[in-house]
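Before anything else, here's the structure in question.
We use all heavy atoms of the structure for the numbers below, so side chains are in, but hydrogens, waters and symmetry mates are not.
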Amino acid sequence: MSTDDDKRLAAEAAVQEVSDGMVVGLGTGSTAAFAIAALARRTAGGLDIRAVATSEATARAARAAGIPVIDFAACTSVDLAIDGADEIDARLWAIKGAGGAMLREKAVAAAARRFVVIADGTKRVDAIGAAKVPVEVLPFARGFVVAQLEALGAAVTVRPDYLTDNENLVADCRFRDLSDPRRLAVSIAAIPGVLGHGLFLDEVDAAYVASDGRVSKMERAVRIVGP
Ligand code: 5RP
């Protein structure tokens, strides 16, 4: 079994949660692409859903696959969102945003009654922190924000020649110490000029993780709200 097989299996397991009438949030990235393909097969078979997309690329892919995509700006809530992750641990804390879509992904995840992460086993970690934390940055405030992120202990690389779908920069942050992600998330979010970041600590309700062809499901008992 390849990593792609595991991504596909995790995606197919999550897509089983979709039912008629739902508004479904579609994530961004290679694992989410397998969910789009699985969902397209189900819509072709008569499943009646509408989707919101977390990136322009995902919107194009979903429409090309025949999935009806509606504007998230016109939605007040989403029934189920399915998305990949760069790291996920047993607390269902995740780092997302290697694909640069973390701001829209977090808005859709927060709007979702249920947010499910799909991943191959390489993304499953004991504690998040090895992956870089992407931060979406207002270009106007670039210098100030980078300095503030460095003051929080990050080695910062601004992605060259890259703008998000929202026309902002991404600062990839390698933190020396990510032992207290909650505190760090609050500190990053408090920097004026930061528009979002890839620490997902409260959003994930469940995760389907596939390793060597076997899918395991982790479920959060209660969604924790607040710092
Ligand atoms: C994009 C994301 C992706 O979900 C994350 O980077 C995982 O991507 P992939 O499934 O390609 O490994 O957060 O912003």
> When you check the side-chain N and O atoms of E17 and Y208, is any donor under 3.5 Å from an acceptor?
Replying inline: yes
> Between R174 (side chain) and A131 (backbone), is there a donor-acceptor pair under 3.5 Å?
Replying inline: no
>> For the CZ atom on R183, are there more than 12 heavy atoms of other groups (residues, nucleotides or ligands in this structure) within a distance under 6.0 Å?
In response: no
>> For a quick check under 3.5 Å, do R104 and S55 share a side-chain donor-acceptor pair by atom type?
In response: no
> Are any of the side-chain heavy atoms of N168 and L163 separated by less than 4.5 Å?
Replying inline: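 In short, these two side chains do not touch, never coming nearer than 4.5 Å.
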> Without hydrogens or angle criteria, can the side chains of D5 and S2 be said to hold a donor-acceptor pair below 3.5 Å?
Replying inline: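 Side chains of D5 and S2: pair found under 3.5 Å.
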>> Within this structure, what is the CE-CG distance for the pair M22 and L39, rounded to the nearest 0.5 Å?
In response: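 With rounding to 0.5 Å, CE (M22) is 10.5 Å from CG (L39).
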>> Under a 4.0 Å threshold between the charged nitrogen and the carboxylate oxygen, would D212 count as salt-bridged to R214?
In response: no
> If only atom types and distance count, is the side chain of E87 paired as donor or acceptor with the main-chain N or O of A130 below 3.5 Å?
Replying inline: yes
> Please walk me through it: do I118 and I82 pass side chain to side chain contact (heavy atoms under 4.5 Å, CB included)?
Replying inline: CA-CA 7 Å; I118 49 178; I82 301 171; 3.6 Å; yes
> Where is the tightest heavy-atom contact between G121 and S211, given as atom of each residue plus distance?
Replying inline: CA-OG, 3.2 Å
> Going by an N to O cut-off under 4.0 Å, is there a salt bridge joining R8 and E12?
Replying inline: yes
>> Looking at R182 and D202, is any side-chain nitrogen of the basic one under 4.0 Å from a carboxylate oxygen of the acidic one?
In response: yes
> Hey, quick one: are L169 and F140 part of the same hydrophobic cluster, counting side-chain heavy atoms closer than 4.5 Å, chains of contacts allowed?
Replying inline: no
>> Checking the side chain of D172 only, and the main-chain atoms of K132 only, is there a donor and an acceptor separated by less than 3.5 Å?
In response: no
>> Whether K96 engages the ring of F200 as a cation-pi pair (distance to the six-membered ring centre under 6.0 angstrom, angle to the ring normal within 45°) should be assessed.
In response: yes
> Could you go step by step and tell me if R114 and D79 meet the salt bridge (Lys or Arg N to Asp or Glu O under 4.0 Å) rule?
Replying inline: CA-CA 6 Å; R114 181 167 166 82; D79 294 298; over 6 Å; no
> With no hydrogens and no angle check, do the side chains of S179 and D177 hold a donor and an acceptor under 3.5 Å apart?
Replying inline: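 Yes, side-chain donor-acceptor contact under 3.5 Å.
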> Does any N or O in the side chain of T43 come within less than 3.5 Å of the main-chain N or O of I67, such that one atom is a donor and the other an acceptor?
Replying inline: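 Side chain of T43 to backbone of I67: no pair is present.
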> Would a distance-only check, ignoring hydrogens and angles, find a side-chain to backbone donor-acceptor pair under 3.5 Å from R220 to V204?
Replying inline: yes
> Are the side chain of D120 and the backbone of T3 linked by a donor-acceptor contact shorter than 3.5 Å?
Replying inline: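 No, the answer is negative, given that no donor and acceptor are paired below the 3.5 Å cut-off.
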> Would you say D6's side chain and G213's backbone share a donor-acceptor pair under 3.5 angstrom?
Replying inline: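 Side chain of D6 to backbone of G213, a donor-acceptor pair under 3.5 Å: yes, one is there.
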> Going hydrophobic residue to hydrophobic residue with side-chain gaps under 4.5 angstrom, can you get from V116 over to V15?
Replying inline: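 Shared cluster, yes.
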>> To the nearest 0.5 Å, what is the distance between OG on S19 and CG on L80?
In response: 8.5 Å
>> Is it true that, when you exclude D20 itself, more than 12 heavy atoms of the residues, nucleotides or ligands shown sit nearer than 6.0 Å to its CG?
In response: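 Yes.
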>> Any side-chain to backbone donor/acceptor pair from E136 onto M102? Under 3.5 Å, distance only.
In response: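 Checked: no pair found.
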> Taking side chain as C-beta onward, heavy atoms only, is V170 less than 4.5 Å from V158?
Replying inline: no
>> Checking the side chain of D83 only, and the main-chain atoms of L26 only, is there a donor and an acceptor separated by less than 3.5 Å?
In response: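 No; judged by distance alone, with no hydrogens or angles, the pair does not exist.
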> Is the backbone of L201 close enough, under 3.5 Å, to the side chain of E203 for a donor and an acceptor to pair up by distance?
Replying inline: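 Side chain of E203 to backbone of L201: a pair is present.
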